[in-house]
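Inspection log for the structure reproduced underneath, given as C-alpha cells.
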Amino acid sequence: MDNRPIGIFDSGLGGLTVVRELMRQLPNERLVYFGDTGRVPYGSRSPEIVKRYAAQDCGFLLEQDVKYIIAACGTVSSVAADVLQALPVPAMGVVEPTAEAALAVSKTGRIGVIGTSVTVRSSSFERAIKRTRPDAQVFSQACPVLVTLVESGWVEEDNTATEAVARQYLEPFMEQRIDTLILGCTHFPLLSMIISRILGEDVTLINSGATTAAKCTSLLTQRDMLAASDRTGGCRFFVSDQPHNFAGVAEMFLGRAVSEDVRQINMEGVG
Ligand code: DGL
C-alpha cells in the first residue's frame, strides 16, 4: 500500500482526460496534476526541448512526493521515454497502453493515428503497434491546429469551425479504409463526437486518456501501490500560466466543475 499521490502532467489541459478516468477508477487516490499552460503547445517544438520540459515537469511532481508519474501527453510519451525511465519513481506514457488497446479492437490491422507533429514524426505509435503485429498498416496524420482549438474550448459537437478543420485532416483516412483510429494526443478525446461523425461508426476511436488510466490502475494494483481504501481521494491542480482560464476549460475535460484551488507555479529557471 502507498498513500502518496499519483503525479500526472501534460503540456496543457489534455492530460485531464487521464485525470477524469483515474478519478472514476481510483476514488481513493490523491492526484497532483500539472499543466504546462505557459509553454503549450509542445507538439511543434524540437524533441530536445520537449525532453527538457518533460524533465522539469517531472521534477516539479517529484517535489510533491508522488509515488508514480504519468506523462499524459502523446508528445512527451513519444520522444521522452528515456526521461521517464530515468526517474526515481515508476512512470508511464500513453503510447504503449493506447497501441495495445487499438490492437485489441482492430480486425483489419488498418489503424490510423492522429497526434501532434512531434508525435507523428517520431512514429512512436506505429513502432509500438508493429512490435506486436508486424503486418499492421498504420496511417498517421499530424493535426496541430486541433490542439489549439481544444485548448480554446472549441469542442462543442456543433462547432462548425472545428468540424471543418477536423474534416480536412481526417479525409485521407477514408480512402485508407482504417477500422480503428488512435487519438494519440490527449486533447483529442474531447473531439470524439465530431471525429466519429466524420469517419462514421465503423471506425473505432481509441481514447489515449482512458486507456492510459486503465493501465495505470492495473499496474498500481499489481504492484500493491494503491492507497488505503479508507482514504479520501481528490486532485490538486497546478499550471504555469494564469489559473483563471483553466477552470472553465478544465470543466469540459473533467465533466465536472473545478472547485479546488488552481495554483500557478513558475517554471522559469527550473532545471
Ligand atoms: N496533449 C499533448 C499530446 O498529447 C500535446 C499538445 C501539445 O502540447 O502540442 O500530445
Side-chain angles (χ1 to χ4, degrees), residues 7-22 33-58 69-81 83-84 91-99 101-102 112-126 128 140-155 162 165-166 169 181-192 195 205-213 215-216 237 239-241 245-246 249-250 252-254 267:
I8 302 117
F9 74 96
D10 179 38
S11 56
L13 293 137
L16 295 173
T17 52
V18 177
V19 170
R20 178 183 187 147
E21 277 302 309
L22 280 180
Y33 183 78
F34 173 59
D36 199 0
T37 50
R39 303 192 294 196
V40 68
Y42 283 8
S44 43
R45 298 180 193 271
S46 69
E48 290 67 36
I49 290 185
V50 174
K51 279 186 192 206
R52 177 151 56 82
Y53 288 177
Q56 293 169 343
D57 302 344
C58 291
I69 289 184
I70 303 178
C73 173
T75 307
V76 168
S77 311
S78 293
V79 298
V83 171
L84 301 179
M92 71 185 288
V94 303
V95 172
E96 301 295 334
T98 308
V113 178
I114 54 173
T116 66
S117 307
V118 168
T119 297
V120 167
R121 264 201 305 272
S122 77
S123 308
S124 56
F125 285 100
E126 180 164 0
S140 303
Q141 175 68 51
C143 308
V145 178
L146 293 183
V147 175
T148 313
L149 291 169
V150 173
E151 286 280 322
S152 312
W154 287 35
V155 298
T162 303
V165 173
Y169 282 134
L181 179 70
I182 289 182
L183 308 181
C185 169
T186 49
H187 283 69
F188 296 167
L190 269 84
L191 303 176
S192 293
I195 294 172
L205 306 186
I206 307 293
N207 174 340
S208 51
T211 57
T212 303
K215 188 73 182 187
C216 171
F237 298 98
V239 289
S240 55
D241 200 352
N245 292 331
F246 178 86
V249 186
M252 293 190 282
F253 280 86
L254 292 171
M267 295 304 278

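Every number for a ligand or one of its atoms is a count from 1 in the order of the listing.
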Can you list every pair where an N/O of ligand 1 is under 3.5 Å from an N/O on the protein?
unit_1   : atom_1 : unit_2 : atom_2 : d
ligand 1 : 1 (N)  : Asp10  : OD1    : 3.0
ligand 1 : 1 (N)  : Asp10  : OD2    : 3.3
ligand 1 : 1 (N)  : Thr186 : OG1    : 3.1
ligand 1 : 1 (N)  : His187 : ND1    : 2.7
ligand 1 : 4 (O)  : Gly74  : N      : 2.6
ligand 1 : 4 (O)  : Thr186 : N      : 2.9
ligand 1 : 4 (O)  : Thr186 : OG1    : 3.3
ligand 1 : 8 (O)  : Ser11  : OG     : 2.6
ligand 1 : 8 (O)  : Tyr42  : N      : 2.6
ligand 1 : 9 (O)  : Tyr42  : N      : 3.4
ligand 1 : 9 (O)  : Gly43  : N      : 2.8
ligand 1 : 10 (O) : Gly74  : N      : 3.3
ligand 1 : 10 (O) : Thr75  : N      : 3.0
ligand 1 : 10 (O) : Thr75  : OG1    : 2.7

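- Taking 4.0 Å as the cut-off between side-chain N and carboxylate O, Asp57 and Arg52 do not count as a salt-bridged pair.
- Remark: the backbone N or O of Thr17 is not paired with any side-chain donor or acceptor of Thr186 at under 3.5 angstrom.
- For the pair Arg45 and Tyr53, the cation does not sit on the ring face, since its NZ or CZ is not both under 6.0 Å from the ring centre and inside 45° of the axis.
- Here the straight-line distance linking atom CD1 of Ile114 with atom CD1 of Ile206 works out to 12.0 Å at 0.5 Å rounding.
- When atom types are taken as modelled, the side chain of Asp241 and the backbone of Gly38 share no donor-acceptor pair closer than 3.5 angstrom.
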- [ ] Could you please spell out the steps behind the ring pair (Phe, Tyr, Trp, His ring centres under 6.0 Å) verdict for Phe9 and Tyr33?
- [x] CA-CA 6 Å; Phe9 74 96; Tyr33 183 78; 8.9 Å; no
